[in-house]
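Written below as structure tokens is the structure these notes are about.
Naming convention: chains lettered A, B, ... in sequence-line order (proteins, then strands); numbering from 1 in each chain.
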There are 2 protein chains.
Amino acid sequence: MVAARAGVSRATVSRVVNGSPKVTPDVAAAVQQAIEALNYVPNRAARSLVSRKTQAIALIVPESAARLFADPFFASVVQGVALHLADTDYTLNMIIESESQAGKTRRFLLGGNVDGALVVSHHTGDHSYAELSRSLPVVFGGRPLSPLEHGNYFVDVDNTAGAQTAVEYLIASGRRHLATIAGPQDMPPGVDRLSGWYETLAAHGLDAGLVEVGDFSPASGAAAMRRLLDRGVPIDGVFAANDQMAIGAYTAIREAGLSIPQDVAVVGFDDDNYGLNASPPLTTVHQPSVEMGREMAHVLVRLIEGEPTELITRLQTSLVVRDSA
Amino acid sequence: MVAARAGVSRATVSRVVNGSPKVTPDVAAAVQQAIEALNYVPNRAARSLVSRKTQAIALIVPESAARLFADPFFASVVQGVALHLADTDYTLNMIIESESQAGKTRRFLLGGNVDGALVVSHHTGDHSYAELSRSLPVVFGGRPLSPLEHGNYFVDVDNTAGAQTAVEYLIASGRRHLATIAGPQDMPPGVDRLSGWYETLAAHGLDAGLVEVGDFSPASGAAAMRRLLDRGVPIDGVFAANDQMAIGAYTAIREAGLSIPQDVAVVGFDDDNYGLNASPPLTTVHQPSVEMGREMAHVLVRLIEGEPTELITRLQTSLVVRDSA
DNA sequence: CTGAAAGCGCTAACAG
DNA sequence: CTGTTAGCGCTTTCAG
């Protein structure tokens with residue numbers, strides 16, 4: 001090791017590099033200087049080999065959902081993770097899990113290539129990696145569908161509270177004939193947002209019967225809205241479980257000759273580009289996706305380093321008021 | 001090494017794992033079996049330490065541009081990269097380069113943590129990593145602004161040809177009074193798309209004077225369109241250098257009491273959600289961003305493995321005809 | 001074709 | 001506080 005030209009042994013250099021407290025300041029300084037001078041960078045492989053730590057964490061993104069493209073949610077989460085990790089000594093290994101590569105990912109993770117893993121399952125709540133956490137620190141993004149998967153760390157958005165905020169807003173602005181376009185009931189966000197709806201209407205003693213389910217796509221939102229309108233009862237406000245469906249609802253509302261927000265106010269959920277670029281711009285519940293990535297990384301790092309950590313972290317949403325309600 | 005329970009030495013196991021040709025089939029089979037049985041996974045650190053290869057590649061995303069969120073382009077490129085790498089033995093280290101972390105990234109790259117790097121500079125053409133390629137295989141996404149940065153590998157979208165396709169389509173559909181909203185002239189895509197415009201109009205002997213520049217944002221597109229309309233000359237078709245500006249143009253066109261596509265046809269460039277969700281849905285030039293990521297990874301891997309590779313790879317675009325033209 | 005031996009660069013006891 | 005001494009798990013000459 002060239003840096004031993006600081007007149008000390010390799011062991012001391014190692015101590016300095018790792019910030020050991022028991023090194024005479026003078027010596028430490030000399031070593032530091034030699035390091036700068038020689039532009040020395042410790043070899044990660046050698047270090048990992050002995051310390052059994054890789055200083056790397058994996059981010060697993062299921063390919064099926066890797067609509068990474070159509071879905072800004074993933075992109076933001078990834079961004080948040082990378083942002084947090086940039087402040088640490090960890091490296092981000094992004095891996096897209098495809099059906100075809102089945103065991104590859106598992107072997108990679110179990111092979112000791114990373115110190116921990118992050119898995120974002122988005123809406124599906126599919127936690128096929130659940131058992132993984134028995135052999136490796138793992139943090140999930142989004143709550144599991146079944147509350148049974150216990151003992152796993154996860155960070156989630158408080159979908160129920162978010163939905164409540166949305167519906168409360170509709171009520172506060174004078175709307176009384178409310179309807180909702182719910183998301184798939186086999187996805188956590190779908191069910192949580194719907195329960196937020198029920199809870200709020202119940203709290204206000206309003207009729208909560210106008211419910212139609214969609215699949216989170218714009219087309220399904222339009223269809224659901226048509227069904228709602230076809231019921232023949234007056235509707236002056238609708239809460240869609242995501243922005244894409246809200247945009248679909250726009251179409252159906254206009255087909256019926258109604259205007260937004262005069263005749264019917266609509267509020268969505270997610271705060272994505274669909275709502276932002278719609279006209280009128282959509283009032284929606286902001287989903288803190290970048291924050292979610294950041295928090296997932298944060299929790300995982302604490303976990304890896306053995307610091308006390310909450311099993312579940314729930315992020316708060318906020319209402320973004322624009323022109324549709 | 002436990003797998004030596006196959007009755008052979010560690011050296012032989014190593015040979016089998018690395019597919020060495022000089023191992024008796026029988027022995028190889030026995031070893032394979034032991035590997036399966038013991039669920040053995042080679043330790044990457046140890047392997048890297050001796051082979052001086054990490055089997056990892058870095059993907060550098062400038063934070064400034066890491067609008068990863070607002071910009072589906074990045075997300076798609078990342079996806080493409082990950083997708084390609086999933087078929088190889090390389091791991092993807094995604095790192096967001098922030099101003100504040102200045103030297104960190106460079107040290108990481110030069111510290112031998114990866115076998116090569118991918119840098120996506122998106123629109124800016126800012127290649128501050130250019131010199132990096134002298135010490136490490138590097139592939140850039142998007143061509144450099146100055147043709148001087150020679151000898152660097154990069155893959156780019158054929159923006160000029162894409163613009164030509166768009167304008168040709170406008171002309172083929174009978175439009176003769178064309179205008180364009182160009183992108184910033186200090187970004188490669190901005191200038192390339194504009195030259196595609198000039199070339200096409202020249203080829204048809206049409207007036208190419210109706211040009212206004214925007215900054216790729218919807219607002220700038222609206223402003224540019226207003227200036228175009230204010231010139232007082234008839235316009236029946238406009239080519240916007242990206243979808244966001246095209247959507248901005250929609251606004252200005254409607255303010256003028258004109259309809260799309262009857263009075264004025266508009267075609268954009270990028271094929272992002274802005275155009276997809278507009279009404280009418282935007283006819284646009286599809287930018288093969290996932291392909292771009294895939295190709296970048298492909299080129300880099302070839303480079304790392306010493307296979308002959310083209311210095312520049314140019315990807316073709318395709319026209320997506322929807323309802324705006 | 002296969003085994004033995006050496007060493008990649010670093011950290012971690014263990015002495016001094 | 002600092003130097004010495006062993007390896008971490010793997011690949012790779014070099015013999016056999």
To the nearest Å, give me how far apart [atom1] ([X]) and [atom2] ([N]) are.
| X | N | atom1 | atom2 | answer |
| --- | --- | --- | --- | --- |
| Leu49(B) | dC10(D) | CG | C1' | 8 Å |
| Gln55(A) | dC10(C) | CD | C1' | 14 Å |
| Arg44(A) | dC10(C) | CZ | C1' | 14 Å |
| Arg52(A) | dC10(C) | CZ | C1' | 13 Å |
| Lys53(A) | dG9(D) | NZ | C1' | 18 Å |

Item checked: salt bridge (Lys or Arg N to Asp or Glu O under 4.0 Å) partners of Glu310(A), counting only residues at least two apart -> none
Next item on the list: Apply salt bridge (Lys or Arg N to Asp or Glu O under 4.0 Å) to Arg52(A) and list each qualifying residue two or more places apart in sequence or on a separate chain.
Entry: none
Next item on the list: Sorted by first residue and then second, give each salt bridge (Lys or Arg N to Asp or Glu O under 4.0 Å) pair with at least one member in residues 287-302 of chain A; sequence neighbours left out.
Entry: Glu291(A)-Arg294(A), Arg302(A)-Glu307(A)
Item checked: Touch class at under 4.0 angstrom, heavy-atom based, for Val17(A) against every strand present -> nothing
Counting just side-chain N and O atoms, does [X] come under 4.0 Å of either OP1 or OP2 of [N]?
| X | N | answer |
| --- | --- | --- |
| Ser51(B) | dT11(D) | no |
| Ser14(B) | dT12(D) | no |
| Asn43(A) | dC8(C) | no |
| Arg47(A) | dT11(C) | yes |
| Arg10(A) | dT2(D) | no |
| Thr24(B) | dT2(C) | yes |

When you measure from the side chain of [X] to the backbone N and O of [Y], does any donor-acceptor pair fall under 3.5 Å?
| X | Y | answer |
| --- | --- | --- |
| Asp156(A) | Arg314(A) | no |
| Ser48(A) | Lys53(A) | yes |
| Thr24(A) | Asp26(A) | no |

Taking N or O atoms only and anything under 3.5 Å, show me the protein contacts with nucleotides 14-16 of chain D, one pair per line.
none

Item checked: Nearest-neighbour nucleotide for the Ala11(B) side chain, dA12(C), dT2(D), dG3(C) considered -> dG3(C)
Margin query: From the set dC10(D), dC10(C), dG3(D), return the single nucleotide nearest to any side-chain atom of Tyr40(A).
Written below: dC10(C)
Item checked: Which residue lies more 5' along DNA chain C, comparing Val41(A) with Val27(B) via nearest heavy atoms -> Val27(B)
Margin query: Distance alone, cut at 3.5 Å: any donor-acceptor contact between the side chains of Asp270(B) and Gln287(B)?
Written below: yes
Next item on the list: With sequence neighbours left out, write down each residue that passes side-chain hydrogen bond (donor to acceptor under 3.5 Å, both in side chains) with Glu305(A), or none if nothing qualifies.
Entry: Tyr90(A)
Note to self: Met292(B) and side-chain contact (heavy atoms from CB on, under 4.5 Å): which single residue from Val120(B), Val155(B), Val81(B) fits?
What the structure shows: Val155(B)
Item checked: Axis bend over the full length of the helix from dC1(C)-dG16(D) to dG16(C)-dC1(D), computed from five pairs that close each end, to 10 degrees -> 30°
Notebook entry, point to check: Where do Val114(A) and Leu109(A) land on the side chain to side chain contact (heavy atoms under 4.5 Å, CB included) test, with the steps shown first?
Noted result: CA-CA 6 Å; Val114(A) 292; Leu109(A) 297 177; 3.8 Å; yes
